[in-house]
Protein chains: 2
Amino acid sequence: MRNADRTENTRALLLRAARHEFAEHGIAGARVDRIAERAGVNKQRIYAHFGDKEQLFRHVVGHALDELSQAVTLTDDADPGEYVARIFDYHRTRPDLLRLFLWEALHYGDSPLPGEEERSRLYDAKVASLSEALGGRVPEAEVRRILLTLIGMAAWPQITPQMARLVLGESAAGTDQESLREHLVRFTRNAVTAPEHI
Amino acid sequence: MRNADRTENTRALLLRAARHEFAEHGIAGARVDRIAERAGVNKQRIYAHFGDKEQLFRHVVGHALDELSQAVTLTDDADPGEYVARIFDYHRTRPDLLRLFLWEALHYGDSPLPGEEERSRLYDAKVASLSEALGGRVPEAEVRRILLTLIGMAAWPQITPQMARLVLGESAAGTDQESLREHLVRFTRNAVTAPEHI
DNA sequence: CGTTGGCAACCAACCAGTTGGTTGTCAATC
DNA sequence: GATTGACAACCAACTGGTTGGTTGCCAACG
């Protein structure tokens, strides 16, 4: 293998291993040794490639964010209900990403996240799409609030699986994700197609 | 001060300090030394009273849970919109609790939480109240899903303040919590008073 | 042969949890 | 009202394992 390829390879291995580790344990709980071992790569390579633990975390989150924004777009279809369902599906099949974002949110608290401008533009596009989907009659500020709520609704059951279990009842939780999905679509449509939005 | 009172006092001091520390840094990020220092109590007292770090965390979360369930009840008013608003208000004024629960959720993942039965009964009561508030025509399974969604909606903006800032736009986020609250009430009423719920 | 990637061993700081000795408080007994 | 025993808390040093980060040497590539 050429040197350049080898480099690229170990970077990829490290990023993947780091993603698992960070998703599972968070920044403080993650162990650099474990990441290196999981990647089958020497620990020192982490520092050569990424600087330190936190910068590695940022790289991981950056990657994850790109992936999410590519996978779940709003422009394709005009139905907000279906949009919520797709976010829900995404988080259900790849719970790692959501955990990653939560660790990040908790860690950085109110202080600005790395790469905010980029993310900001990303949401602006979604706001525009949603505004159109709503028929263009809802003021932008309210469209933004609706978008925020939709994203939260879709993510919530995955964020707190334990609470989901408790609220939904022991039996249904694991098996009945399909009903939950349908509920979200229904709930969203009801909320959004109602007569008055101010 | 009597001995019994002194004990109670240091316990309370420790729990309060621990709550701050855990809310801020999570289980892995929290430092036992810092908790002791913050409480103005010797570190060794933590081990005498609570056993170890994680058990202390559980005590803290237990307290927080009691507090939340006492503060935000569903039985008082029949309007689900107002219920959501009250959850929202609670988390806005006391963000510590939500952070605590998130750290807990992330830490324990899918495995059962300490004290699940107790919490379960708590939610059962809320389900009953909500069912009544909805006119008693919605099947219980769907009521449970609605409850889950309502709680999530109310918590979400506080969970990810950074995302809220990005989605809502830099300017509005901090100042316009009132509009957000009204949006939640409106959104909930629209969703819930719609004709069909299956 | 210089540059670049890889590695094992290393290190100093950190951190949860412990120990042993000391001071102060309460309550019962004499 | 002095003595005694049982707690509760304080303090400071210590332990043993962990952890993020570093160094010096070797191998492969170009």
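Note that the structure is predicted; figures quoted are calculated from it, not measured. Every chain is numbered from 1, with letters handed out A, B, ... down the list of sequences.
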| task | State whether B:Thr10 places a side-chain N or O below 4.0 Å from either non-bridging phosphate oxygen (OP1 or OP2) of D:dA8. | result | no
| query | Is any side-chain N or O of B:Asp33 under 3.5 Å from a base N or O of C:dA16, one able to act as donor and the other as acceptor? | reply | no
| message | Is it true that, when you exclude B:His63 itself, more than 12 heavy atoms of the residues, nucleotides or ligands shown sit nearer than 6.0 Å to its NE2? | response | no
| Test: B:Asp96 and B:Arg99 ion pair at under 4.0 Å | no
| said: By the 4.0 Å heavy-atom rule, please label B:Gly40 as base, sugar-phosphate, or nothing. | reply: sugar-phosphate
| note | A:Gln55 atom CD is separated from D:dG21 atom C1', nearest whole Å, by 13 Å
| remark: Separation of D:dA27 atom C1' from A:Arg45 atom CZ, nearest Å, is 13 Å
| said: In whole Å, I'd like the distance from the NE2 atom of A:His49 to the C1' atom of D:dG21. | reply: 16 Å
| said: Just the rounded figure in Å: distance from P of D:dC14 to CG of B:Asn42. | reply: 16 Å
| How close or far is atom P of C:dG17 from atom NZ of B:Lys53, stated in whole angstroms? | 7 Å
| message | At 4.0 Å (heavy atoms only), tell me whether B:Ala30 reaches a base, stays on the sugar-phosphate, or touches nothing. | response | sugar-phosphate
| request: Mind calculating the distance between CZ (B:Arg34) and P (C:dG17) to the nearest angstrom? | output: 15 Å
| task | Rounded off to whole Å, could you give me the CD-to-P distance for the B:Gln44 and C:dG20 pair? | result | 12 Å
| A:Glu132 with A:Arg137: basic N within carboxylate O range, under 4.0 Å | no
| query | In terms of ring plane angle, is the pair A:Phe22 and A:Phe57 parallel, tilted or perpendicular, where the classes change at 30° and 60°? | reply | perpendicular
| query | Quick one: the side chain of B:Lys43 and the base of C:dG17, do they pair up donor-acceptor inside 3.5 Å? | reply | yes
| query | Once you round it to whole Å, what is the distance between C1' of D:dT22 and CD1 of A:Ile46? | reply | 14 Å
